[in-house]
Amino acid sequence: MSDQIESAAALMVRDYLVLAFLVSLGALQISVSISGIRGLWVLPHRNLTRAFGILLIILGLAYYLLSPLWIEGPWAAGSVVDGTSENRIWGTASVDEISGARNLNDIHGGMAGTAYAVFFVLSAVLTTLFAAVIGTINNRLFPSPSRSEGDAWSEAITQGGGEPTGDGLDALKTTSPLTTFKSSLHNLRDTGANDIHNQMQSAHRWSIPSVIGRMWRN
Amino acid sequence: MLWINGFVGTSPTFDHLARIVASDYLMPLAFSAVIFAIWFVGRDLADRRRYQRGTLLSAIAIGIANLVVDIIDSAYDRQRPFDELGDSLQLIFYRSTDPSFPANPMAVVFAIAMGVWIVDRRIGWVLMAAAAIYSIMRVYVGTFYPTDVIGGAVIGILAALLAWFLFELFKPVPEIVLRILRGIGVA
């Protein structure tokens, strides 16, 4: 019984990671296509990137919801017509059970709330790294994107070879993730201490860091 | 409670939909995806920084809300409706074993909705509406009392306000965190 629960947990984690990866990558692609952060686009065109993001989300949900039909697992049973819900033996789910098949308590192999949160954060990090790698490859393969889009990337190339115009995500509008990382780190070394000092100066009198700073100086 | 749950069985299609919407994975994942996505939006640096504050705010609010729910759970063990109401309730969800009040999933989604609302009213209202639908569905499938989800929502909203207050109290720490993250190219 405990072996079965362990297998169930492994299955749930695997499937949730697939779902979370696809959904977070989809959300990222939609978001960066809106804000024009070309360095994280998986595809070289804005509209394609956005459509791809929507497709990834649909694919992720379809896989997660429908896979109990052909993958054997500890799927929850019970009919909505009878108003019942129960745990069942290992097997595939029927079409009538599919909406509730993934509704498993954590003591029966489902995932706890904390696990959902941890695996989503993991997926979000993996997604960003994945998009950064693909973005770097894209930058090499498509160094001169369509100017008809009129975004910062095209403007930067027109003005002088795609040199970074800022740092952080802003720089990703015009350069690849690898170049952005180097220039951002360079900027942080050059101006970071000054920026932090300015932030401390602009903090209101009763903010805790200001109070600690005053006590330290006195 | 029984009035809302009494509609179970009226429309099998709606019941299937309710089991999916009320699940542990769908709404929390959608809300998480929103706070992840807004990290990357914004027309310029100032605009993006505002949204990124929203992501940080929501993340801290989730932590506070979970802590408050855990403290209440350890002091007050309210039974689930399916344990108390028996056969008069039609349960189309799994039998949760943790205390019913306050509803932890509602605390989390309302914490996110309020955290986003503070930085963007339009997206915030959409998330509030989605969180309200999630709450109603949880009552509909028989896993929470209405007062459980109301309690969870209040905790979530207050947690986000507390997180915002902490942001102001510890200013400029959030800005410094964002500056450092910008220095490694991720903010």
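Just so we're clear, the structure is a prediction, and the values are computed from it rather than from any experiment. Letters A, B, ... mirror the listed sequences (proteins, then strands); counts begin at 1.
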ask   = Given that the side chain runs from C-beta out, which part of Val186(B) has a heavy atom under 4.5 Å from chain A: side chain, backbone, both or neither?
value = backbone

key: Distance, nearest 0.5 Å, that separates CG of Asn103(A) from OH of Tyr25(B)   = 5.5 Å

task = Select one option (side chain, backbone, both, neither) describing which atoms of Ala33(B) are under 4.5 Å from chain A's heavy atoms.
result = both

ask   = Checking heavy atoms, do the side chain of Thr97(B), its backbone, both or neither come under 4.5 Å from chain A?
value = both

request  = Go through the atoms of Ile212(A) and report whether side chain, backbone, both or neither lie under 4.5 Å from a heavy atom of chain B.
outcome  = neither

inquiry  = Just verifying a value: how many Å separate Ser123(A) OG and Leu29(B) CG, rounded to the nearest 0.5 Å?
reply    = 8.5 Å

Could you go through residues 163-172 of chain B and list every donor-acceptor pair under 3.5 Å that involves a side-chain atom there, pairing it with any protein atom two or more places apart or in another chain?
none

task = Kindly indicate whether the side chain of Pro209(A), heavy atoms from C-beta on, has any atom under 4.5 Å from the side chain of Val173(B).
result = yes

query = Quick one: what part of Ile37(A) sits under 4.5 Å from any heavy atom of chain B, side chain, backbone, both or neither?
reply = side chain

request  = Against chain A, label Leu181(B) side chain, backbone, both or neither, depending on which of its atoms sit under 4.5 Å from a heavy atom there.
outcome  = neither

inquiry  = Taking side chain as everything from C-beta outward and backbone as N, CA, C, O, which of these in Arg179(B) sits under 4.5 Å from a heavy atom of chain A? Side chain, backbone, both or neither.
reply    = both

query = Under 4.0 Å between a Lys/Arg side-chain N and an Asp/Glu carboxylate O for Lys173(A) and Asp44(B)?
reply = no

Considering all heavy atoms, the nearest Leu169(A)-Trp39(B) contact = CD1-O, 3.9 Å

query = Where on Thr127(A) is there a heavy atom nearer than 4.5 Å to chain B: the side chain, the backbone, both, or neither?
reply = side chain

inquiry  = Strictly less than 4.5 Å between heavy atoms, which residues of residues 49-64 of chain A line up against chain B? Please order them by number.
reply    = Leu61(A), Tyr64(A)

task = Hey, could you give me the CG/CD1 distance between Asp98(B) and Ile107(A), rounded to the nearest 0.5 Å?
result = 10.0 Å

key: His16(B) versus Asp96(A), closest heavy-atom pair with distance   = CE1-O, 2.9 Å

Side chain / backbone / both / neither for Ser32(B) at chain A, heavy atoms under 4.5 Å = both

key: Residues of residues 15-25 of chain A with any heavy atom under 4.5 Å of a heavy atom in chain B   = Tyr16(A), Leu19(A), Ala20(A), Val23(A), Ser24(A)

ask   = Do any of residues 187-198 of chain A have a heavy atom less than 4.5 Å from a heavy atom of chain B, and if so, which, in residue order?
value = Asn187(A), Leu188(A), Thr191(A), Gly192(A), Asp195(A), Ile196(A)

Salt-bridge present (Asp170(A), Arg182(B); N to O < 4.0 Å) = no

note = What one should report as the nearest heavy-atom pair of Ala37(B) and Ser31(A) is O-OG, 2.6 Å

request  = Please round to the nearest 0.5 Å and tell me the distance separating atom CG of Asp24(B) and atom CG of Asp106(A).
outcome  = 8.5 Å

task = Under 4.5 Å heavy-atom distance to chain B, tell me which part of His204(A) shows up: side chain, backbone, both or neither.
result = side chain

Spacing of CZ belonging to Phe40(B) relative to CD belonging to Gln29(A), to within rounding of 0.5 Å = 10.0 Å

query = Counting only heavy atoms not in Arg43(B), do more than 12 fall under 6.0 Å of its CZ?
reply = no

request  = Quick one: which of Val121(A), Ile30(A), Leu185(A) has the most heavy-atom pairs under 4.5 Å with chain B, could you say?
outcome  = Leu185(A)

